[in-house]
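Order of appearance sets the numbers: ligands from 1, and atoms from 1 within every ligand.
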Amino acid sequence: MIQELVFATNNKHKTEEIQSILGNQFKILTLTDIGCTVDIPETGNSFEENATLKSSYVAEHYRLDCFADDSGLEIEALNNEPGIYSARYSGIKDDQINLELVLQKMEGLTNRKARFKTMISLMKNGKNILFEGVINGTIRQVPAGDHGFGYDPVFEPLDYTVTFAQMSMSEKNRISHRAIAMQKLIAFLKGQANPS
Ligand code: ITT
């Protein structure tokens, strides 16, 4: 039987990536599917806290097991900004404007090291279980590619010569921060691993 899982997100790109990673072993229910129209406040100080705020909101208000992903880009030369503010770095939720702000702040900087991080919080039977995924890379001077979302056009993973936005979804899903965290979640749900 296919297991249904609530994924607490309003981000359509994340939902697509995660449904594609899960394949047909699990079916994702979104916030819309469960009738939740709230933009759950992300007032925490870390990916971990924000992921937990989203998953526990659904667990408390809908009495459903649920997982949430909080993620973002950490750039070494910018003191790990935009970090937890990735979705609204410029003050507004606009991928293009936020990406341009990153490039502007990095003008003239030679240290281009960055990483994408995902923290997944799974609320299951009232318990919070966390799964982390990280991928290292560099920030390009000029955006390239039109797949994906967010900062994908400027992020080149280590050992690759293309950006995330130049990869197909399945290529990105083989190596991304979200895919790494999701594989840990899947292994846990299948009873094959401890959280990490
Ligand atoms: P939900 O909170 O509803 O899940 P969100 O877009 O607000 O959706 P986050 O708070 O986790 O999600 O912010 C993540 C932001 O980080 C996202 O909007 C992108 O700007 C960036 N980001 C995260 N993962 C990314 C990825 O795989 N590729 C490109 N940018 C990514």
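- Annotation: side chain of Asp33 is not in contact with side chain of Phe7 (no heavy-atom distance under 4.5 Å).
- The residues lining ligand 1, counting any heavy atom closer than 4.0 Å, are Thr9, Asn10, Asn11, Lys14, Glu42, Lys54, Asp69, Asp70, Ser71, Gly72, Ser86, Ala87, Lys93, Phe116, Phe149, Gly150, Tyr151, Asp152, Lys172, His177, Arg178.
- Side-chain atoms of Asp65 come within 3.5 Å of backbone N or O of Asn125 as a donor-acceptor pair.
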Under 3.5 Å, sequence neighbours excluded: what are the donor-acceptor pairs made by side chains of residues 150-159?
residue, atom, partner, partner atom, Å
Tyr151, OH, Ser86, O, 2.7
Asp152, OD1, Lys172, NZ, 3.4
Asp152, OD2, Phe149, N, 3.0
Asp152, OD2, Lys172, NZ, 3.0
Glu156, OE1, Arg140, NE, 2.7
Glu156, OE1, Arg140, NH2, 3.0

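- Evaluation of the side-chain hydrogen bond (donor to acceptor under 3.5 Å, both in side chains) rule for Asn173 yields Ser20 as partners, not counting sequence neighbours.
- A donor-acceptor pair under 3.5 Å is formed between the side chain of Gln25 and the backbone N or O of Leu22.
- For Asp69, the salt bridge (charged side-chain N to carboxylate O under 4.0 Å, His left out) criterion is met by Lys14, Arg178, not counting sequence neighbours.
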